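Only a predicted model underlies this, so the values are computations on that prediction, with no experimental measurement involved. Reminder, nothing fancy here: chain letters follow the sequence lines and each chain counts from 1.
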Protein chains: 2
Amino acid sequence: MEKRVNQIKQQLSAHNYKLTPQREATVRVLIENEEAHLSAEDVYLLVKEKAPEIGLATVYRTLELLSDLSVIHKLNFGDGVTRYEFRAEGAEHHHHHLICLNCGEVDEIMEDLLTPIEAKVEEEYQFQIVDHRLTFHGVCRRCKEVVADPKKLVGARVT
Amino acid sequence: MEKRVNQIKQQLSAHNYKLTPQREATVRVLIENEEAHLSAEDVYLLVKEKAPEIGLATVYRTLELLSDLSVIHKLNFGDGVTRYEFRAEGAEHHHHHLICLNCGEVDEIMEDLLTPIEAKVEEEYQFQIVDHRLTFHGVCRRCKEVVADPKKLVGARVT
DNA sequence: TCTTATTTGATAGTTCTTTTCATTTAGTTT
DNA sequence: AAACTAAATGAAAAGAACTATCAAATAAGA
């Protein structure tokens, strides 16, 4: 944890930004909730527990800054809010997501399944890939028994 | 064109909706701009040219309706607006997108590259896939010469 | 035709996010 | 250490995208 905070501190100062107490509190919340896909509001509420004087605007600014420095990733699961997730350490680009159309839960696929496809796309479409987003929408293992007809869920909950 | 409008008319009436003049104008705009990934605002402005009396709320409602009936797909490229695209005829789920981080253009990959990966995911994660979203972010063929270091574009323009 | 339900347009309201601006904080220079 | 300069912050206003409300218009059914 301390190591990671320190690493981010260095990334910030490399770009002439400081790790202010507000930024540090935000970073710690993000690290502590690495798996959670927090919205800005979520982060704000969690940071407030540690540092009640922080303002929402600062949280937004910090998230934007960390995103610009590729410390975190912005995600959009189509529910109207931007969510944020730590970039996996050393990962070239981020992992994939499984969104359950029934319960809304978001699970992770940590392995990169796209490498062969990317090679094909770069070749075939003359497109130089920097990053990707891959999301599967469906029914998670926990909801399998509950859902009668998965096709009926198309268009539900997530865009 | 007429054939497709008619087909949609039937899909609507199958669910007890009418193809009103406003809905028809909206549908026609969507068909005419099939490749364009229009936002609601875009659609509104285009429909206004044909039917100036239409209101923005009606456009939103129509897009929502068509989306519910899976006539069109909602897309989210992370620029803050929902975009709409016709569902390819007979396609099980929609195609993939190439987003250029330099010029913002969105190109299409019409072939489905994910079938083998989906089989693996369904098996390995016990997740029943209904649909997917796959987007590659990078530099399009048109911008290749202009962009010196593509990595620098990470975090730019699109979330 | 009369009745009933659907659809619409205008507008007000929400929600999420960004901007503004005065104040605070931190780093630099003397 | 005091004065100066720049960066960062919090509060609140503003903005953008979308949704809900409601009276009027349209269409369908009795």
Side-chain angles (χ1 to χ4, degrees), chain A residues 8-9 11-27 29 37-69 71-72 74-84 155-159, chain B residues 8-9 11-27 29 37-69 72 74-84 155 157-159:
Chain A
I8 290 159
K9 183 176 181 175
Q11 282 179 264
L12 284 168
S13 65
H15 292 84
N16 287 98
Y17 296 110
K18 307 160 198 168
L19 185 65
T20 63
Q22 291 90 336
R23 286 177 182 161
E24 180 167 343
T26 306
V27 164
V29 163
H37 307 109
L38 301 175
S39 68
E41 188 76 28
D42 294 337
V43 174
Y44 173 61
L45 293 174
L46 288 165
V47 173
K48 275 218 130 175
E49 291 174 11
K50 305 182 178 214
E53 75 289 356
I54 200 170
L56 180 57
T58 302
V59 171
Y60 271 102
R61 281 186 287 237
T62 302
L63 292 171
E64 193 59 35
L65 175 60
L66 293 174
S67 175
D68 286 348
L69 296 177
V71 172
I72 59 177
K74 284 187 183 178
L75 299 177
N76 204 313
F77 295 138
D79 60 348
V81 297
T82 302
R83 301 188 171 276
Y84 300 87
R157 195 183 270 274
V158 172
T159 67
Chain B
I8 290 160
K9 183 177 181 175
Q11 281 180 267
L12 284 168
S13 65
H15 292 82
N16 287 98
Y17 296 111
K18 307 160 199 168
L19 184 65
T20 63
Q22 292 90 336
R23 286 179 183 160
E24 181 169 343
T26 306
V27 164
V29 162
H37 307 107
L38 302 174
S39 67
E41 189 76 27
D42 294 338
V43 174
Y44 174 60
L45 293 174
L46 288 166
V47 173
K48 275 217 129 176
E49 292 175 11
K50 306 183 178 216
E53 74 289 355
I54 200 170
L56 179 57
T58 301
V59 171
Y60 271 103
R61 280 186 290 236
T62 302
L63 292 171
E64 194 60 34
L65 176 59
L66 293 174
S67 175
D68 286 349
L69 296 178
I72 58 178
K74 285 186 183 179
L75 299 176
N76 204 315
F77 296 138
D79 60 348
V81 296
T82 302
R83 299 187 173 276
Y84 300 87
R157 194 182 272 272
V158 173
T159 65

At what distance, to the nearest 0.5 angstrom, does CD1 of I54(B) lie from CD of E49(B)?
-> 12.5 Å

Among dT7(C), dA17(D), dA8(D), the nucleotide that comes nearest once only the side chain of R23(A) is considered | dA8(D)

Give the rounded distance in Å between these two atoms: OH of Y17(B) and P of dT7(C).
-> 7 Å

Assign each of K18(B) and R83(B) to its nearest nucleotide of DNA chain D by heavy atoms, then name whichever residue's nucleotide is nearer the 5' end.
-> R83(B)

For the rings on H37(A) and F77(A), is their centre-to-centre separation under 6.0 Å?
-> yes

Would you say T26(A)'s side chain and Q22(A)'s backbone share a donor-acceptor pair under 3.5 angstrom?
-> yes

How long is the line joining CG of L38(B) and C1' of dA17(D), in whole Å?
-> 16 Å

Any donor-acceptor pair under 3.5 Å from S13(B) side chain to N16(B) backbone | no

Separation of dT17(C) atom P from D79(B) atom CG, nearest Å, is 14 Å

Rounded to whole Å, CG of D42(B) lies from C1' of dA16(D) at a distance of 14 Å

Between Q22(B) and dG9(C), is there a side-chain N or O to OP1/OP2 distance below 4.0 Å?
-> yes

Rounded to the Å, how far apart are N76(B) CG and dA17(D) P?
-> 13 Å

How many Å lie between CG on L65(B) and P on dA20(D), as a whole number?
-> 15 Å

If you check the V81(A) side chain, which of dC16(C), dA7(D), dA17(D) turns out closest?
-> dC16(C)

Looking only at non-hydrogen atoms, find the nearest pair between K18(B) and L12(B) and report the distance.
-> O-CD1, 4.1 Å

Would you say a side-chain N or O of S39(A) is under 4.0 Å from OP1 or OP2 of dC16(C)?
-> no

Value in whole Å for how far the C1' atom of dA26(C) lies from CG of L19(A) = 14 Å

Separation between OG1 (T82(A)) and CG (L38(A)), nearest 0.5 Å, reads 13.0 Å

Atom-pair distance (CG on L66(A); P on dA8(D)), nearest Å | 12 Å

Short N-O contact, K9(B) and E24(B), less than 4.0 angstrom | no

Counting only non-hydrogen atoms, which of residues 48-63 of chain B are less than 4.0 Å from DNA chain C?
-> E53(B), I54(B), G55(B), A57(B), T58(B), R61(B)

Taking only side-chain nitrogens and oxygens of T20(A), does any of them come within less than 4.0 Å of OP1 or OP2 of dA26(C)?
-> no

